[in-house]
*Asks:* 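Below is one structure. I have some questions about it.
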Amino acid sequence: MVGGPRRRLSTEAVHAGEIHDASGAHIAPIFQTSTFTFDDMAAVEARAAGESDAHMYSRGGNPSRAALAQKLAALEGCGLAEGEAGAEIFASGMAAITAALMGTARAGDHIVTQQVLYGSADHLIADVLTGFGVTNTRLPGLAPDDLEAELARRPESAVVYLETPANPTMGLIDIAETCGIAHAFGVRVVVDNTFATPVLQRPLELGADVVVHSTTKFINGFGTVIGGAVVSADAELMAGEIASLIRFTGGVPSPFDCWLTNLGLKTLPLRMERHCNNAMVVAEFLESHPAVDSTAYPGLGSHPQHDLAQRQMDGFGALIAFDLGDYGTATRFLDRIELCALAVSLGNVDTLVEHPASMTHAVVPAEARAASGITDGLIRISVGLEDVDDIVADLDRALGG
Ligand SMILES: *Cc1c(COP(=O)(O)O)cnc(C)c1O
């Protein structure tokens with residue numbers, strides 16, 4: 001759309017990237033095809049000369065994937081100039097994170113990241129990328145003074161990688177402040193925005209160079225797809241390294257998965273509103289329950305970074321971490337929940353509850369888990385869209401209330 005005021009986020013969620021072709025179909029078909037035909041060699045030549053954006057083969061690109069990429073770029077880029085942000089869609093969040101890091105750091109480069117990370121991202125940085133000559137430093141909470149000192153000490157630093165809110169402890173990082181420090185050293189900032197989604201937090205507006213997502217979570221929202229995305233306003237990076245990595249490492253999503261995710265994304269603003277409202281009620285219930293030792297939710301006044309949450313986010317999300325003190329008590333609780341499901345993943349319409357130390361973060365060595373506050377009594381809940389009274393009743397019963 002050229003001219004006129006920029007459309008708001010909820011409108012972009014419904015309309016951006018939608019395909020309206022000659023068939024008149026209101027909802028785009030699923031382009032379930034591996035290859036694309038050309039009318040003649042002139043069409044092939046036009047594509048080769050960059051005069052047409054016709055698709056040729058679905059590993060390189062597919063309309064279902066392009067539609068989802070456009071919608072997600074419109075949401076993450078809502079506060080930027082029209083069309084400034086671009087996105088690429090991957091077969092999983094991990095494929096997207098791998099592409100974002102391989103696209104911004106190469107052998108000999110250094111990554112600085114926080115202590116507490118999503119378990120598989122932790123493993124990728126600590127054990128996989130190191131095998132390709134990319135080293136790393138872990139700084140608790142990416143504390144600004146420590147970050148500045150580390151970037152000064154390691155001139156080979158190429159990327160600061162961060163997650164906020166952090167999984168599973170719900171610690172926050174100031175994105176704008178981190179970008180200010182990193183950019184002074186010519187270092188790029190990559191932000192995993194899975195927990196917040198563009199509805200609650202838009203890192204590109206705050207100065208981040210690259211946003212990554214596990215679209216498996218809130219963006220799809222219904223628990224039907226594994227997927228990921230890289231979003232950036234750096235057109236050179238997107239057309240260069242990221243386009244090259246998806247094409248030549250081949251971690252592409254199926255057209256059907258893109259179609260399902262695109263459908264889910266349309267209701268993201270509405271779902272996030274209900275997720276946030278329900279989670280606030282659940283967090284207040286947990287905080288006041290005598291069987292719960294501690295509750296971490298950015299929306300609670302007791303969260304040590306509540307002020308930052310209010311500044312940086314447009315809502316506090318669906319994820320809450322709470323501690324029941326020890327493994328036995330946590331196990332008893334998890335065995336007793338009925339409405340809430342004992343399952344990893346998050347951001348679904350259903351409420352999901354998990355035990356990080358033995359599930360999502362089991363790949364993190366025990367000492368590192370302890371240093372990160374991932375105790376044996378810690379539980380993570382992703383509050384769903386059920387009636388909040390039913391969620392609270394289930395938790396209350398399982399807590400023995
Ligand atoms: C799930 C998740 C990932 C990994 O995404 P997959 O789609 O499972 O590959 C990365 N970061 C965060 C914060 C996640 O929750």
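Counting starts at 1 for both ligands and their atoms, in listed order.
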*Asks:* Check this for me: does any side-chain nitrogen of one of R202 and E76 sit under 4.0 Å from a carboxylate oxygen of the other?
*Replies:* no
*Asks:* Considering non-hydrogen atoms of the protein only, which is the closest contact for atom 8 (O) of ligand 1, and what is the distance?
*Replies:* Y118 OH, 3.8 Å
*Asks:* More than 12 non-hydrogen atoms from neighbouring residues, nucleotides or ligands closer than 6.0 Å to CE on M359, yes or no?
*Replies:* yes
*Asks:* Looking just at side-chain N and O atoms, do N262 and E18 make a donor-acceptor pair shorter than 3.5 Å?
*Replies:*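 There is such a pair between these side chains.
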*Asks:* Quick one: does G93 get an N or O within less than 3.5 Å of an N or O on ligand 1?
*Replies:*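 Yes - when backbone and side-chain N and O of G93 are compared with those of ligand 1, one distance drops under 3.5 Å.
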*Asks:* Taking the six-membered ring for Trp, is the centroid-to-centroid distance between F285 and F322 below 6.0 Å?
*Replies:* no
*Asks:* Test of understanding: given a 4.0 Å heavy-atom threshold, classify the contact between L346 and ligand 1 as side chain, backbone, both, or neither.
*Replies:*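 Under 4.0 Å from ligand 1, L346 contributes side-chain atoms alone.
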*Asks:* Going by distance only, is there an N or O of E163 that falls short of 3.5 Å from an N or O of ligand 1?
*Replies:* no
*Asks:* Taking atom CG as the centre, does D127 end up with more than 12 heavy-atom neighbours from other residues, nucleotides or ligands that are less than 6.0 angstrom away?
*Replies:*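 Enclosed: over 12 neighbouring heavy atoms sit under 6.0 Å from CG of D127.
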*Asks:* Hey, would you say the F218 and H213 ring centroids sit under 6.0 Å apart?
*Replies:* no
*Asks:* Considering non-hydrogen atoms of the protein only, which is the closest contact for atom 2 (C) of ligand 1, and what is the distance?
*Replies:* K217 NZ, 2.5 Å
*Asks:* Are more than 12 heavy atoms, taken from residues, nucleotides or ligands other than R247, located less than 6.0 Å from that residue's CZ atom?
*Replies:* no
*Asks:* Atoms of ligand 1 less than 4.0 Å from S92 heavy atoms?
*Replies:* 7 (O), 9 (O)
*Asks:* List every atom of ligand 1 that sits less than 4.0 Å from any heavy atom of G227, numbering the atoms from 1 in the order shown and giving each element.
*Replies:*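 Near G227, meaning under 4.0 Å from one of its heavy atoms, ligand 1 has 7 (O).
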*Asks:* Pair up each side-chain donor or acceptor in residues 383-393 with any protein partner under 3.5 Å, not counting sequence neighbours, and list the distances.
*Replies:*
unit_1: E386; atom_1: OE1; unit_2: T351; atom_2: OG1; d: 2.7
unit_1: E386; atom_1: OE2; unit_2: T351; atom_2: N; d: 2.9
unit_1: D387; atom_1: OD1; unit_2: D389; atom_2: N; d: 2.9

*Asks:* Note the single closest protein heavy atom to atom 12 (C) of ligand 1, along with its residue, its atom name and the distance in Å.
*Replies:*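 The closest heavy atom on the protein side is D192 OD2, 3.4 Å.
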*Asks:* Show every ring pair (Phe, Tyr, Trp, His ring centres under 6.0 Å) that has at least one partner inside residues 350-382, sequence neighbours left out.
*Replies:*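 Only Y327-H355 qualify under ring pair (Phe, Tyr, Trp, His ring centres under 6.0 Å).
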*Asks:* Quick one: does S345 get a heavy atom under 4.0 Å from ligand 1?
*Replies:*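 Per 4.0 Å heavy-atom rule, S345 does not contact ligand 1.
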*Asks:* Counting heavy atoms only, which part of I97 comes closer than 4.0 Å to ligand 1: side chain, backbone, both or neither?
*Replies:*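 The answer is the side chain.
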*Asks:* Which ligand 1 atoms, with their elements, are less than 4.0 angstrom from a heavy-atom of S214?
*Replies:* 1 (C), 2 (C), 3 (C), 4 (C), 5 (O), 6 (P), 7 (O)
*Asks:* So, is F195 polar-close to ligand 1, with some N/O to N/O distance under 3.5 Å?
*Replies:* no
*Asks:* Polar-atom distance check: N167 versus ligand 1, any N or O pair below 3.5 Å?
*Replies:*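 Min N/O separation from ligand 1 is not below 3.5 Å for N167.
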